[in-house]
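Below you'll find the structure, written out as structure tokens, and then a few comments.
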2 protein chains.
Amino acid sequence: MPGRKISVSAKDVAARAGVSRAAVSRTFTPGASVSQETRSKVLEAAEALGYQVNHLARGLTSQKTGIVALIGADLATPYRSELIRVLTERLQASGRVAILINTDRSDSTVDVALQQAIRYRAEAAVVLSGMPERSISELCHRNGLRLVLINRDDAHTGSVQIRLNDAEAARVALASFLRAGCRRLALASSQAGTPSLLDRENSFLAEAEKRGLPVLCERLGPTSYESGLALGERLLVRAERPDAVFCTTDLLACGVMDAARHRFALSIPDDLSVIGFDDIEQASWNAYELTTFRQPVEEIGAAAVDWLSDRDAADGSRIIHLTAPMSWRKSVRGGNGK
Amino acid sequence: MPGRKISVSAKDVAARAGVSRAAVSRTFTPGASVSQETRSKVLEAAEALGYQVNHLARGLTSQKTGIVALIGADLATPYRSELIRVLTERLQASGRVAILINTDRSDSTVDVALQQAIRYRAEAAVVLSGMPERSISELCHRNGLRLVLINRDDAHTGSVQIRLNDAEAARVALASFLRAGCRRLALASSQAGTPSLLDRENSFLAEAEKRGLPVLCERLGPTSYESGLALGERLLVRAERPDAVFCTTDLLACGVMDAARHRFALSIPDDLSVIGFDDIEQASWNAYELTTFRQPVEEIGAAAVDWLSDRDAADGSRIIHLTAPMSWRKSVRGGNGK
DNA sequence: ATCTTTTTTGCACACGTGTGCAATGTTCAT
DNA sequence: ATGAACATTGCACACGTGTGCAAAAAAGAT
């Protein structure tokens with residue numbers, strides 16, 4: 001056993017300050033009653049000894065840990081890592097700490113991740129991707145674990161869902177293409193089949209059908225740039241090429257755009273208009289200037305953390321609707337249609 | 001108080017299984033002695049009740065939490081988010097859990113983050129950016145918190161530093177430019193002044209000086225794509241333009257490349273060769289095809305987590321040297337010089 | 001100065017787990 | 001059958017903190 005841990009405890013501080021161990025505890029408990037004189041003595045001793053309250057013990061006695069689990073896969077994608085950045089910042093600002101659980105591996109389902117969160121008595125879990133089974137709801141509820149589901153379409157008792165206007169955005173995308181004079185429409189998506197992607201896909205297709213417009217539709221692989229490249233090749237290799245592609249995410253769109261330019265020598269937006277979704281950082285890069293819908297990550301983060309801080313919000317399930325505003329850039333003919 | 005927590009405890013499981021509370025504990029403690037019959041009864045009862053071991057209590061009694069803190073700023077940049085992805089995956093595979101501490105805000109220094117890690121009795125902290133003050137070393141050591149410093153240049157007792165061959169890479173970059181026939185050299189960096197960036201800068205400049213070659217050198221803003229754009233403008237606006245730019249990170253390089261193409265209508269690599277560092281995902285995108293050095297994130301993650309799992313490694317400080325292999329793409333004239 | 005109200009303090013219990021140890025039970029060897 | 005070795009079990013203590021409560025001290029009102 002290389003380095004036997006000898007952390008300073010409240011008992012050590014009490015001995016040095018000449019007060020009771022309870023006085024030390026009260027000094028570090030917001031709102032507890034302790035005289036100014038005792039407080040000074042305790043703080044001085046704590047500083048001298050390097051005392052740090054043991055949050056494990058505190059969590060045990062107070063039944064509050066301040067721990068919030070962030071659960072998801074593909075943690076390095078632009079949109080997800082941005083959301084993690086925002087959430088950690090806001091959780092910290094509200095006195096909490098985030099544990100990050102990666103569900104990339106097949107033995108790390110969302111349910112397994114939630115169980116791990118319960119083992120650490122996390123007060124909440126923010127599910128960034130994947131969907132909990134209904135059966136785990138009861139376990140979460142019984143352990144006081146509140147669920148925040150981002151872009152998921154199935155409510156759990158006591159949870160909050162944060163949803164975007166995916167369907168509306170897809171309709172706006174279609175209208176933008178038509179206004180730009182595009183007539184040969186295409187839809188590019190992955191095979192992920194997540195609720196958000198499906199909303200965008202279905203709405204785009206339904207709106208086109210309502211207007212009697214055919215849509216060339218391709219779904220392929222995971223939601224990545226590489227899939228976008230391949231989708232571009234599939235869509236653009238035809239004799240009658242589309243002149244507008246709605247890509248359900250920006251990563252796919254960047255791939256489609258690169259395929260169009262580098263494989264087919266097309267000009268964007270003259271030959272092909274492209275609209276994505278997410279507004280990842282790369283969408284604004286000069287190489288893309290992609291018109292897209294901006295994931296309101298700051299609002300999502302604020303909504304999630306505010307709901308967690310709202311003591312009256314623990315009952316029933318709730319849906320928070322947020323809007324993904326359009327970011328006009330240069331990938332659509334005619335530019336800003338406002 | 002909306003939902004008073006009523007988690008199932010070992011006591012509840014013991015009552016249901018008709019055994020002692022200690023038998024329950026032993027059943028869930030690897031290596032502890034418990035008969036097959038008792039184990040079955042306990043597991044059955046635990047399953048029926050949805051029992052999850054309380055890791056807070058376990059951490060208190062066993063003085064081991066399995067918690068590892070990941071500490072850093074700019075969590076959403078491609079390289080950092082990739083490293084976080086790898087670290088979380090490997091930590092989980094070794095039975096640990098990661099807490100993620102974001103140091104973007106001015107009130108969240110690395111030292112404050114380390115104190116938070118100590119409060120949760122984390123067994124280790126992986127510092128992804130920023131540098132701990134020397135004074136906190138003793139506190140970490142006393143609380144059994146081991147430090148993993150990634151690309152930092154100052155050792156702390158009992159810590160491990162994982163360093164790359166930044167200097168060597170910069171020399172290879174220079175040699176590659178020369179071999180490609182480039183003669184007007186430039187260096188583009190940010191003002192971050194981190195150990196890795198400085199190594200790359202200093203080595204590139206020193207090697208050029210050794211060969212009697214002048215280098216046009218610009219440093220600007222944070223380490224971002226936007227800084228790269230601005231650096232590109234500064235470097236390329238001159239009458240005598242450089243024909244080769246070593247950018248200390250890929251984000252800067254993408255910005256420089258976009259400035260060259262979109263602001264100065266230059267062709268890469270014909271008019272300008274560019275080499276970056278990191279091999280972020282975007283470096284391989286068709287819009288960039290950037291020649292760069294690949295951050296060995298899998299190796300970094302493995303080295304960090306393996307060191308944490310190595311019980312004999314707790315004493316002294318250590319440096320692990322890893323190599324960033326070159327990724328040849330199309331941003332240098334003449335291509336692969338091997 | 002006396003009484004009332006408020007603040008402060010220390011004690012002892014709780015939270016939920018792991019484990020040393022004595023007692024008990026089981027298995028193996030003679 | 002007996003003794004030795006090994007496995008198992010429950011008890012009671014520890015870990016480090018927050019807090020209810022009774023007692024004491026301090027502050028305010030008359």
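Computed from heavy atoms alone, side chains included, the values below leave out hydrogens, waters and symmetry copies. Chain letters run A, B, ... following the sequence lines, proteins first, then strands; residues in each count from 1.
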- Task: Supply the atom-to-atom distance Asn151(B) CG to Leu128(B) CG, rounded to the nearest 0.5 angstrom.
- Result: 10.0 Å
- Message: Taking any heavy-atom pair under 4.0 Å as a contact, classify Val24(B): base, sugar-phosphate, or nothing.
- Response: nothing
- Below 4.0 angstrom from OP1 or OP2 of dG16(C), is there any side-chain N or O of Thr61(B)? no
- Task: Specify the separation, in whole Å, of atom CG of Leu56(B) and atom C1' of dT17(C).
- Result: 10 Å
- Query: For Asn143(A) and dG16(C), what is the distance between atoms CG and P respectively, to the nearest whole Å?
  - Reply: 11 Å
- Message: In this structure, how many angstroms lie between the P atom of dC11(C) and the CZ atom of Arg21(A), rounded?
- Response: 10 Å
- Going by heavy atoms in the side chains, are Trp307(B) and Ile162(B) under 4.5 Å from each other? no
- Task: Can you tell me the distance, in whole Å, between the CD atom of Glu37(A) and the P atom of dT7(C)?
- Result: 18 Å
- Check: Asp74(A) side chain, Thr77(A) main-chain N or O, donor-acceptor pair, under 3.5 Å: no
- Message: Taking the minimum atom-to-atom distance to the side chain of Asn54(B), which one of dT19(C), dG10(D), dG16(C) wins?
- Response: dG16(C)
- Query: Is there a side-chain polar atom (N or O) of Tyr120(A) under 4.0 Å from OP1 or OP2 of dT17(C)?
  - Reply: no
- State which of dG16(D), dC11(C), dT19(C) makes the closest approach to the side chain of Gln63(B). dG16(D)
- Item | Ser25(A) versus Arg58(A), side-chain donor and acceptor atoms under 3.5 Å | no
- Side chain of Leu60(B): nearest nucleotide among dG16(D), dC13(C), dT17(C)? dG16(D)
- Should Ser62(B) be listed as having a side-chain N or O under 4.0 Å from OP1 or OP2 of dG18(C)? no
- To the side chain of Ala23(A), which of dG10(C), dC13(D), dC13(C) is closest? dG10(C)
- Message: Without decimals, in angstroms, what is the distance between Asp12(B) CG and dG16(C) P?
- Response: 8 Å
- Euclidean distance, atom CZ of residue Arg58(B) to atom C1' of dA14(D) [Å, nearest integer]: 16 Å
- Query: What about Arg26(B): does its side chain form a donor-acceptor pair under 3.5 Å with the base of dG10(D)?
  - Reply: yes
- Are Arg96(B) and Glu123(B) within salt-bridge range, i.e. N to O under 4.0 Å? yes
- If you look at every strand shown and take non-hydrogen atoms under 4.0 Å, does Ser9(B) touch a base, only sugar-phosphate, or nothing? sugar-phosphate
- Note on the structure: Walking DNA chain C from its 5' end, the first of Val53(B) and Val19(A) to be reached, judged by nearest nucleotide, is Val19(A)
- Item | Candidates dC13(C), dG10(C), dG16(C) - which lies nearest the side chain of Ala22(A) | dG10(C)
- Ser33(B) side chain near dT8(D) phosphate (N/O to OP1/OP2, under 4.0 Å): yes
- Counting any heavy atom closer than 4.0 Å, what does Ser35(A) reach on the DNA or RNA strands: base, sugar-phosphate only, or nothing? sugar-phosphate
- If only atom types and distance count, is the side chain of Ser40(A) paired as donor or acceptor with the main-chain N or O of Gln36(A) below 3.5 Å? yes
- Message: Can you measure His55(A) atom NE2 to dG18(D) atom C1' for me and round it to whole angstrom units?
- Response: 13 Å
- Message: I need the NZ-P distance between Lys64(B) and dC15(D), as an integer number of Å.
- Response: 19 Å
- Below 4.0 Å: OP1/OP2 of dT17(D) and any side-chain N or O of Ser25(A): no
